[in-house]
Amino acid sequence: MSETNDTPPGGTDFIRQQIRADLASDRYGGRVVTRFPPEPNGYLHVGHATAIILNYGIAQDFSGRFHLRFDDTNPEKENEEYVRGIKEDILWLGADWGEQLYFASDYFERMYDCAVTLIQKGLAYVDSQSLEAIREGRGTVTEAGTASPYRDRTVEENLDLFARMRDGEFTDGAHVLRGKIDMGDPNMLMRDPVLYRIRHAHHYRQGDDWCIYPLYDYAHCLEDAFEGVTHSICTIEFENNRELYDWVLESSGFTEPRPHQYEWAGLDLENAVLSKRAIGPLVSAGLVSGWDDPRLATIAAYRRRGVPPEAIRMFASLVGVSRSGGRTEEDKFEYAIREVLNTEAPRVMAVLDPLKVVLTNLPEDHAESFDIASFPPDVGRDGSRAVPFAAEVWIERSDFAQDPPEGFRRLVPGGEVRLRGAYVLRCDEVVTDEEGAVVELRCSVDLQTRGGSNPEGRRVNGTIHWVSVADALDAEVRLFSALLEPVDEGEEIEGDEPDITERVSPDSLVVVHGAKIEPSVADEALDTRYQFERTGYFWRDPSDGRDDRLIFNRIVALKSTYRGAPDVERSEQRERAAEVKKTGPSVKPQISEVRQAARNADPGLAERFAAYPEAYGISIEHADLLTGSMATVAFFESAIADGADPGAVASWIVTDVRALLGDGAVADLAFTGDALGRLVELVTSGAVSRRAAKDVLARMADRGGDPGELIEDMGLAAVSDTNMLGEIIDGVLAGMPDKVEAYRGGRTNLIGLFIGEVMKATRGAADPKAVRSLLSERLDS
RNA sequence: UGGCCCGUCGUCUAAUGGCAAGACCCCGGUCUUUGGAACCGGUAACGGUGGUUCGAGUCCACCCGGGCCAACCA
């Protein structure tokens with residue numbers, strides 16, 4: 001392990017940071033419980049894989065628990081086959097839920113009880129509108145919704161109706177249970193969300209026990225709470241759902257410590273179809289061979305293709321975790337696969353597109369065998385195999401060129417090339433058919449170079465792979481590439497996505513028949529992953545390549561630095577990306593429309609906005625920020641009432657105070673305007689540095705208190721004594737002689753580092769200006 | 001269009017007010033019986049504009065760009 005003490009285990013992504021903070025504050029009594037909650041309505045894809053790795057990895061890192069919970073609340077889409085498949089995929093990835101296997105449908109009774117409680121509290125009601133009426137009543141993103149006529153049913157009536165819904169008295173859609181929240185909430189999800197619906201459907205686990213089923217937003221948070229999940233991690237599109245998540249939990253009586261939801265961006269991978277809703281149609285239309293078609297990005301497909309699970313784990317750690325995200329290049333995934341396979345996969349030779357070479361200086365019945373190492377020296381692994389050689393060998397058609405492009409290092413007429421592990425070969429004659437196509441090469445080998453020996457002074461340009469014609473095994477090789485044709489840019493903007501089934505690329509699967517492979521593979525374990533030298537990583541297809549059927553999947557091609565032609569497409573893409581990034585400067589005045597509207601409605605605000613710049617010498621922007629509400633105005637005016645400098649106070653309010661505010665208002669602050677005024681005066685008088693005053697302000701926001709007393713308590717009285725500062729500075733500089741040298745060598749931006757260290761040493765109490773000048777004295781002399 | 005969220009090398013991610021870092025890609029080079037691997041080097045970024053600060057990628061504001069939300073799906 002190369003981890004140092006200052007690197008916390010398991011990465012520093014924002015979710016792990018949150019967990020560390022929760023551990024530090026003992027929020028959950030040291031518990032860390034994560035979960036992966038798939039709906040069994042399809043197979044998992046690589047996006048899910050990264051989510052599993054995240055959740056499982058966190059549980060591992062913090063000695064917590066990882067739950068697998070099937071979120072099976074929709075009887076119409078789910079089945080046991082998917083449950084089986086998903087379990088298998090997760091285990092294959094290396095995540096282990098142990099005893100922690102759960103099904104949301106097992107909680108139906110408890111969820112029902114919670115709903116009854118909600119009704120009793122007046123927080124839920126039975127709505128009997130049609131689906132369309134409910135939809136219309138919800139309003140739009142810009143217009144508030146309207147209340148259902150059933151919104152004010154009595155608790156008794158709701159209780160009765162809800163019980164009868166459960167009892168099966170009503171048809172599908174006759175009633176729903178809705179949360180009673182706010183039809184005008186800007187978050188559409190809070191406009192009386194549907195909690196339960198009637199569906200007379202057979203559930204694959206619960207049979208016909210239920211005819212009402214809970215919806216995601218109601219069910220999911222309860223599931224987390226029932227299981228004692230601490231950190232409920234989902235993707236960014238559920239961000240708007242978090243408010244409802246919290247509402248349901250709070251309303252149902254789950255108090256802190258309760259689960260909390262955190263969203264990350266999830267994975268988007270270039271050239272991968274990452275949506276169960278998109279994969280399903282491809283499978284049912286027969287455009288792929290199944291959920292495990294190796295062209296798909298499902299875990300089952302990767303497993304079948306031959307991708308090792310370690311590669312997916314490595315890929316996940318390479319990509320990382322964030323809230324912003326974007327599309328990850330396929331290169332990164334391929335890199336991870338190659339990285340794992342390079343040290344794992346024994347080398348063999350296989351010719352995918354064979355061209356016959358007759359060795360004219362060997363007897364026709366020549367036969368010998370070379371013992372060739374299975375790994376190159378740098379991999380450092382033992383092992384070899386016998387590779388038969390005879391007077392006729394297959395080579396790769398692309399390894400010969402009659403008219404070679406510049407930089408071609410393979411076989412050309414009259415040229416030499418080494419047959420890997422065998423002899424150096426010279427091309428003496430090219431045999432063509434009547435159309436000029438090359439059908440055979442007549443060559444001679446240099447007997448001095450047998451078995452890879454290399455007589456002094458013998459240098460050969462390239463090395464190619466080969467297979468003895470007499471001993472070659474015939475194989476089928478399947479090559480996979482991007483399943484879908486790229487979408488034209490204009491097309492994508494058109495709103496509706498083009499039908500995915502029409503975008504399947506005919507070239508996405510290339511089946512090579514009659515590939516020639518060395519016989520050693522017949523003796524190896526079926527699940528051996530090979531490197532076909534110079535070609536790529538392959539293994540036998542686990543479905544079709546069993547018994548004596550030699551059917552190989554290409555897991556990934558080898559990287560190649562050989563460039564036939566420059567990659568025009570990519571450079572064009574880059575130019576386009578660069579153009580998009582350019583944006584012009586803003587021209588509008590930097591005044592908020594919202595605050596301007598407030599001033600238009602309140603002459604008191606408008607007057608002050610007009611007067612402040614002149615009266616207090618502050619900018620229009622600051623005046624704007626101070627006059628958005630009477631509360632802010634009052635705060636400001638009380639802060640300057642006792643003589644604090646208005647300009648300084650304004651700066652504090654519009655920057656530092658606002659930073660502490662978050663969503664709240666100034667009135668909710670734990671300190672008052674005049675306390676801020678006193679603090680500002682202390683800064684002005686030099687009693688405390690501005691830097692230290694920020695820490696004091698943070699403390700005031702936290703617990704209130706008098707600024708003067710806090711400065712004493714926190715030991716932050718300004719340090720400007722030259723001798724004392726000088727000592728501290730000398731100590732800091734002595735501690736980093738290399739940086740001092742670099743500074744003197746011209747890296748003057750290191751001054752910030754030095755000041756920072758001095759400020760740190762004094763916990764912000766030093767006067768930074770004094771520090772700067774003292775530093776200059778020492779460093780620039 | 002209302003609300004919420006997100007903008008750092010071509011791509012993915014670091015930085016927690018103090019040295020803009022790493023990986024992939026790309027480009028050179030060394031080495032090589034795999035145009036692989038390894039090794040050395042290089043190109044390359046804080047969306048814009050103001051403000052606060054000794055010091056801003058980080059705090060504040062405005063603008064620009066992108067994402068999500070109007071299923072009785074999850």
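In the text below, chain A, chain B and the rest are named by the order of the sequence lines, each starting its count at 1.
Rounded to a whole Å, the CZ atom of A:R690 is 14 Å from the P atom of B:rC60. Computed from coordinates, the A:D192 CG to B:rA71 P distance equals 15 Å when rounded to whole Å. At whole-Å resolution of the value, CZ in A:R691 and P in B:rG18 are 9 Å apart. When the P atom of B:rU34 is taken as reference, atom NE2 of A:H465 falls 13 Å away, rounded to whole Å. The CZ-C1' distance, from A:F532 to B:rU34, rounds to 14 Å in whole Å. Counting to the nearest Å, the C1' atom of B:rC27 and the OH atom of A:Y562 are 18 Å from each other. Atom CD1 of A:I236 and atom C1' of B:rC12 are 16 Å apart (whole Å). Atom CZ in A:R327 sits about 18 Å away from atom P in B:rG10, given to the nearest Å.
Side-chain atoms of A:R420 lie closest to B:rU34 of the nucleotides B:rC24, B:rU34, B:rC59. Picking from B:rC69, B:rA74, B:rG36 the nucleotide with the shortest atom distance to the side chain of A:N342 gives B:rG36. Checked against B:rG55, B:rG36, B:rG51, the side chain of A:L558 finds its nearest nucleotide in B:rG36. Here the side chain of A:E329 is nearest to one of B:rG18, B:rC25, B:rC72, namely B:rC25. Comparing atom distances between the A:S324 side chain and each of B:rC6, B:rU52, B:rC24 picks out B:rC6 as nearest. Side-chain atoms of A:P376 lie closest to B:rU34 of the nucleotides B:rA74, B:rG55, B:rU34. Closest to the A:R595 side chain, of the nucleotides B:rC62, B:rC54, B:rC68, is B:rC62. Out of B:rC72, B:rG2, B:rU34, the shortest distance to the side chain of A:V141 is found at B:rG2. Distances were taken from every side-chain heavy atom of A:I134 (C-beta onward) to each of B:rA37, B:rC72, B:rU52; the shortest belongs to B:rC72. Comparing B:rC54, B:rA71, B:rA38 by their closest approach to the side chain of A:E339 singles out B:rA38.
At the heavy-atom level, A:R135 lies under 4.0 Å from the strands shown only through sugar-phosphate atoms. In this structure, A:Q129 reaches the bases: a heavy-atom distance under 4.0 Å links it to at least one base atom across the strands shown. Nucleic acid contact for A:S130: base, since at least one base atom lies under 4.0 Å from a heavy atom of the residue. Using a 4.0 Å heavy-atom distance criterion, A:E334 is classed as making no nucleic acid contact. Within 4.0 Å (heavy atoms only), A:R409 reaches at least one base atom of the nucleic acid. Within the nucleic acid shown, A:Y196 has no heavy atom closer than 4.0 Å to any nucleic acid atom. Residue contacts shown for A:R418 include a base, since a base heavy atom lies under 4.0 Å away. Among the protein residues, A:R323 comes within range of the sugar-phosphate backbone only, with heavy atoms under 4.0 Å from sugar or phosphate atoms but none that close to a base. Residue contacts for A:N240: at a heavy-atom cut-off of 4.0 Å it reaches a base atom on one of the strands shown. Among the heavy atoms of the strands lying under 4.0 Å from A:F408 is at least one base atom, whether or not backbone atoms are also near. Among the atoms of the strands shown, base atoms are found under 4.0 Å from some heavy atom of A:T140. Within 4.0 Å (heavy atoms only), A:G462 reaches no atom of the nucleic acid at all. If you check every strand for non-hydrogen atoms under 4.0 Å, A:R242 touches nothing. Counting any heavy atom pair closer than 4.0 Å across all strands shown, A:V176 reaches a base atom.
Taking 90° from 0 as the syn/anti boundary, the base of B:rA21 is oriented anti.
Rounded to the nearest Å, the gap between the P atom of B:rG35 and that of B:rA21 is 35 Å. On the P atoms, B:rC24 is 15 Å away from B:rG36, given to the nearest whole Å. Between the P atoms of B:rA14 and B:rC6, the separation comes to 13 Å (whole Å). Taking atom P in both B:rU52 and B:rC46, one finds a spacing of 23 Å when rounded to whole Å. For the P atoms, the distance linking B:rC27 with B:rC62 amounts to 45 Å, nearest Å. Rounded to the nearest Å, the gap between the C1' atom of B:rG10 and that of B:rA45 is 10 Å. Using atom P as the reference point in both B:rG67 and B:rU1, the two lie 13 Å apart (nearest Å). The separation of B:rU53 from B:rU58, taken at their C1' atoms, amounts to 13 Å, rounded to a whole angstrom.
Using a 4.0 Å cut-off on heavy atoms, the residues of residues 183-191 of chain A that approach RNA chain B are A:P186, A:M188, listed by number.
Remark: the A:S232 side chain and the A:D224 side chain contain an N/O donor-acceptor pair separated by less than 3.5 Å. Counting only N and O atoms by type, the side chains of A:N749 and A:Y743 include no donor and acceptor under 3.5 Å apart.
A salt bridge between A:R323 and A:E239 is present, with a side-chain N of the basic residue lying under 4.0 Å from a carboxylate O of the acidic one. Salt-bridge annotation for A:R35 and A:D71: absent, with no side-chain N of the basic residue lying under 4.0 Å from a carboxylate O of the acidic one. For A:R458 and A:D446, the salt-bridge test passes: some basic side-chain N is under 4.0 Å from an acidic carboxylate O. At a threshold of 4.0 Å, the pair A:E132-A:R135 does not count as salt-bridged, since none of the basic side-chain nitrogens sits closer than that to a carboxylate oxygen.
In this structure, CZ in A:R327 is found 10.0 Å from CG in A:L267, a value given to the nearest 0.5 Å. In this structure, the separation between CG on A:D127 and CG on A:L177 is 9.5 Å, given to the nearest 0.5 Å.
The residue among A:I464 and A:V194 whose nearest nucleotide of RNA chain B lies closer to the 5′ end is A:I464. Comparing A:S322 and A:T142 against RNA chain B, the residue whose closest nucleotide sits nearer the 5' end is A:T142.
Not one N or O on the side chain of A:R347 forms a donor-acceptor pair closer than 3.5 Å with the backbone of A:F532.
The cationic atom of A:R199 (NZ for Lys, CZ for Arg) does not lie both less than 6.0 Å from the six-membered ring centre of A:Y213 and within 45° of the ring axis.
In RNA chain B, runs of at least 3 consecutive Watson-Crick or G-U pairs, each pair with both distances below 3.5 Å, span B:2-7 with B:64-69, B:10-13 with B:21-24, B:26-30 with B:38-42, B:47-51 with B:59-63.
Smallest separation of non-hydrogen atoms from A:S148 and A:R178: CB-NH2, 4.1 Å.
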